[in-house]
Amino acid sequence: MNKTNHSEKVLVAMSGGVDSSVTATLLKRAGFDVAGAFMKLWRPGDNFKQDKNEEKAKEIADSLDIPFYSFNFGEEFKAEVVDYFLKEYRQGRTPNPCVVCNNEIKFGLFLKQASDLNVDFIATGHYARLKRNNKVNIYRPKDKSKDQTYFLWQLDQNKLDKVLFPLGNFEREEVERMADSLNLPDRAQESHEVCFIPNEIKDFLNKHLDEKPGKIISEDGEELGEHEGAYLFTLGQRKGLGLSNGPWYVLEKNVKENKIVVTKERENLKKKELIADEINWISGKPDLPMKVITKIRYNSSGVKAELKEQDNKLKVTFNESQWAIAPGQSVVFYSGDQLLGGGVIQ
RNA sequence: UGCCGGGUAGUGUAAUUGGUAACACACUAGUUUUUGGGACUAGCAGAUCCUGGUUCGAAUCCAGGCCCGGCAG
């Protein structure tokens with residue numbers, strides 16, 4: 001941000017938390033014409049907590065003396081994110097709702113609403129960097145420990161063209177310090193875990209998926225116990241099996257037969273390759289095959305791999321076998337710090 | 001109902017062959033980069049099949065009973 005005078009308009013997605021509050025502050029200081037907006041998303045049951053966060057966001061907007069909007073995306077969020085989430089589980093896969101939410105809601109609907117307000121940009125508190133040449137590219141942030149680029153792989157040029165990530169060049173600690181020194185009204189908690197699930201995922205799925213007890217089987221076919229529904233598990237899962245003499249890990253799940261196969265050998269969950277579908281390239285498809293850094297889960301450091309085309313899909317071959325690659329999760333590709341794109345694991 | 005082995009926390013095992021019950025898993029909580037999962041740390045348990053007996057002292061020895069595997073037929 002080098003703006004100091006023009007008044008380009010920016011709409012900041014404000015959750016009431018530290019990151020988005022500092023985002024708004026930074027933009028204002030940089031001379032942008034800033035407004036804030038809260039997104040109301042779908043929640044089961046009462047919305048008490050969300051309303052509170054909206055209040056906080058509004059207070060912060062007021063204290064910054066910027067206009068404040070509230071968008072109700074409840075229905076759309078339910079349709080795009082929650083229903084997708086359930087559908088994936090129903091098929092025995094492991095969805096990544098945050099990826100979809102980013103693409104459909106935050107950088108989809110929100111962006112659209114923002115355009116209707118005639119703003120030039122939207123901004124969020126994501127830790128990621130954008131570099132603009134003739135294309136806009138996403139890079140990992142300065143604070144590698146907060147890197148959120150994993151969740152942004154579905155974005156495209158149309159969207160990125162209107163996006164700002166002011167926090168990309170800051171350490172999380174600096175952001176916190178700024179928030180403290182700003183004396184912002186008390187801030188909302190940062191979100192962890194699936195935002196629309198109040199307690200246990202298990203309970204949520206149980207309520208929506210019609211779970212039935214089924215068998216837990218060992219690799220050699222021995223019946224070891226019962227589970228409450230095969231949907232509930234994901235590959236590599238250890239908790240919740242209730243088996244003794246372990247630890248046991250979910251090796252396969254068979255939703256049709258409502259059966260879970262477990263192993264004691266972690267090694268058996270390692271795979272050298274995967275097939276990815278629904279590929280998105282952020283600034284165009286590169287020449288394949290190519291060597292990249294990949295991540296198959298948010299919470300991991302990248303590993304080297306080679307990408308090849310296979311049918312209409314992408315075959316990812318890792319230099320080192322990866323553990324518990326779960327269908328439905330995202331695999332993303334980097335070249336150095338640049339996020340090239342990603343896909344959904346089959 | 002001629003013959004062996006065994007019954008210990010929710011589960012699986014251990015306890016120098018008499019000395020005052022341990023370990024793992026499960027479970028619970030916390031930590032960890034907006035998902036699932038994983039990992040790490042901590043916590044948790046009146047559990048010695050029953051009844052008698054021997055002994056200062058028994059999960060360990062003895063007797064009887066009940067139950068469970070199996071060798072047997």
Side-chain angles (χ1 to χ4, degrees), chain A residues 13 15-20 39 41 53 77 81-82 84-86 88-89 91-107 124-128 140-154 165 167-168 170-173 175-176 188-197 200-202 204-205 216 218 222-227 230-253 260 262-264 266 269-270 295-302 322-332 342 344-345:
Chain A
S15 67
V18 170
D19 294 327
S20 58
M39 283 179 262
L41 307 175
N53 286 348
F77 185 85
V81 181
V82 181
Y84 146 82
F85 179 81
L86 291 172
E88 285 284 284
Y89 267 109
Q91 291 174 0
R93 293 154 58 90
T94 307
N96 191 325
C98 294
V99 166
V100 174
C101 173
N102 278 331
N103 189 43
E104 300 292 337
I105 306 296
K106 294 179 183 167
F107 300 97
T124 67
H126 281 90
Y127 286 84
R140 301 180 68 203
K142 180 181 178 195
D143 189 340
K144 298 290 183 283
S145 72
K146 282 296 284 188
D147 181 4
Q148 290 169 328
T149 53
Y150 176 82
F151 294 105
L152 301 173
W153 67 267
Q154 288 187 331
F165 292 138
L167 301 188
F170 292 93
E171 301 281 341
R172 164 76 184 184
E173 256 183 50
V175 170
E176 264 168 34
Q189 290 280 309
E190 293 307 301
S191 59
H192 276 277
E193 302 178 339
V194 183
C195 72
F196 55 89
I197 296 179
E200 300 274 322
I201 284 197
K202 204 176 105 182
F204 183 82
L205 291 177
I216 302 177
S218 75
E222 194 187 344
E223 202 178 316
L224 299 174
E226 281 216 330
H227 63 253
Y231 300 113
L232 269 18
F233 297 89
T234 188
L235 295 194
Q237 184 162 339
R238 167 177 173 174
K239 292 277 173 187
L241 289 165
L243 300 176
S244 66
N245 217 3
W248 297 90
Y249 299 91
V250 174
L251 181 64
E252 293 168 30
K253 70 171 178 173
I260 294 273
V262 296
T263 181
K264 274 198 208 182
R266 287 186 57 119
L269 276 149
K270 283 196 171 173
K295 274 170 106 172
I296 58 160
R297 50 174 57 85
Y298 178 51
N299 210 332
S300 72
S301 48
Q322 295 298 297
W323 193 77
I325 302 171
Q329 289 282 292
S330 298
V331 55
V332 304
V344 176
I345 299 167

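Here is how names work: the chains are called A, B, and so on, in the same order as the sequence lines, proteins then strands, and each is numbered from 1.
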What is the nucleic acid contact for [X], judged by heavy atoms within less than 4.0 Å: base, sugar-phosphate only, or nothing?
X         : value
Asp143(A) : nothing
Gly125(A) : nothing
Tyr249(A) : sugar-phosphate

Pairwise [atom1] distance for [N] and [M], with rounding to whole Å:
N      : M      : atom1 : value
A45(B) : C62(B) : P     : 34 Å
G52(B) : A15(B) : P     : 28 Å
G2(B)  : A22(B) : C1'   : 40 Å
U48(B) : C61(B) : C1'   : 15 Å
A9(B)  : U55(B) : P     : 30 Å
U1(B)  : G43(B) : P     : 48 Å
A21(B) : A29(B) : C1'   : 27 Å
G7(B)  : A72(B) : P     : 23 Å

Q. Between OG1 of Thr124(A) and CG of Asn102(A), what distance do you get to the nearest 0.5 Å?
A.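 Output value for this atom pair is 7.5 Å.
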
Measuring from atom CG of Asp19(A) to atom CG of Leu167(A), what distance do you get when rounded to the nearest 0.5 angstrom?
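Going from the CG atom of Asp19(A) to the CG atom of Leu167(A) covers 5.5 Å.
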
Below 4.5 Å, heavy atoms only, C-beta onward: do [X] and [Y] meet side chain to side chain?
X         : Y         : answer
Thr149(A) : Val332(A) : no
Phe233(A) : His227(A) : yes
Ile296(A) : Tyr150(A) : no
Tyr84(A)  : Tyr89(A)  : no
Thr263(A) : Trp248(A) : no

Distance check needed: [N] [atom2] versus [X] [atom1], whole Å only.
X         : N      : atom1 : atom2 : value
Leu205(A) : G37(B) : CG    : C1'   : 13 Å
Lys202(A) : C27(B) : NZ    : C1'   : 11 Å
Glu200(A) : U28(B) : CD    : P     : 8 Å
Lys253(A) : G36(B) : NZ    : C1'   : 9 Å
Asn299(A) : G38(B) : CG    : P     : 12 Å
Lys239(A) : G38(B) : NZ    : P     : 8 Å
Arg172(A) : U32(B) : CZ    : P     : 11 Å
Ile345(A) : G36(B) : CD1   : P     : 15 Å

When you measure only distances, ignoring hydrogens and angles, does the side chain of Arg297(A) come within 3.5 Å of the base of G36(B) through a donor and an acceptor?
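Under the 3.5 Å cut-off, the side chain and the base do form a donor-acceptor pair.
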
Check whether the side chain of Glu193(A) and the base of U34(B) form a donor-acceptor pair under 3.5 Å.
->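 Checked by distance alone, the answer is no.
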
Check your understanding: Below 4.0 angstrom from OP1 or OP2 of G38(B), is there any side-chain N or O of Arg266(A)?
Key ->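 Answer is no, no contact under 4.0 Å.
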
Is the number of heavy atoms from other residues, nucleotides or ligands within 6.0 Å of CD (Glu173(A)) greater than 12?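 No - once you tally the heavy atoms of other residues, nucleotides and ligands closer than 6.0 Å, there are 12 at most.
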
Check this for me: Lys264(A), atom NZ, are more than 12 non-hydrogen atoms of other residues, nucleotides or ligands nearer than 6.0 Å?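 Atom NZ in Lys264(A) is crowded, with more than 12 foreign heavy atoms closer than 6.0 Å.
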
The side chain of [X] is closest to which nucleotide in this list: [options]?
X         : options                : value
Lys106(A) : U34(B), U35(B), A39(B) : U34(B)
Gln237(A) : G36(B), G37(B), U34(B) : G37(B)
Tyr150(A) : G38(B), U35(B), G36(B) : U35(B)

Can you tell me the base-pairing partner of [N]? Count Watson-Crick or G-U wobble geometry only, both distances below 3.5 Å, and say none if there is no partner.
N      : value
G52(B) : C62(B)
G5(B)  : C68(B)
G46(B) : none
U20(B) : none
U32(B) : G38(B)

**Report entry** RNA chain B: 5'-proximal contact among Lys295(A) and Gly240(A) (nearest heavy atom)
**Finding:**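 Mapping each residue to its closest nucleotide by heavy atoms, the 5'-most match is Gly240(A).
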
Subject >> First encountered from the 5' end of RNA chain B, between Ala324(A) and Gly242(A) >> reply: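 That would be Gly242(A).
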
Could you list the protein-to-nucleotides 23-25 of chain B atom pairs, N/O on both sides, closer than 3.5 Å?
residue	atom	partner	partner atom	Å
C25(B)	O2'	Leu243(A)	O	2.9
C25(B)	O2'	Asn245(A)	N	3.3
C25(B)	O2'	Gly246(A)	N	2.9

Applying ring pair (Phe, Tyr, Trp, His ring centres under 6.0 Å) to Phe85(A) and Phe196(A), what does each step give before you reach the verdict? CA-CA 11 Å; Phe85(A) 179 81; Phe196(A) 55 89; 5.1 Å; yes

Sole candidate of Cys195(A), Cys98(A), Cys101(A) that passes side-chain contact (heavy atoms from CB on, under 4.5 Å) when paired with Val81(A)
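Option passing the side-chain contact (heavy atoms from CB on, under 4.5 Å) with Val81(A): Cys101(A).
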
Derivation and outcome, side-chain hydrogen bond (donor to acceptor under 3.5 Å, both in side chains), residues Ser330(A) and Trp153(A) | CA-CA 9 Å; Ser330(A) 298; Trp153(A) 67 267; 2.9 Å; yes

Set out, line by line, the N/O atom pairs under 3.5 Å between protein and nucleotides 6-9 of chain B.
none

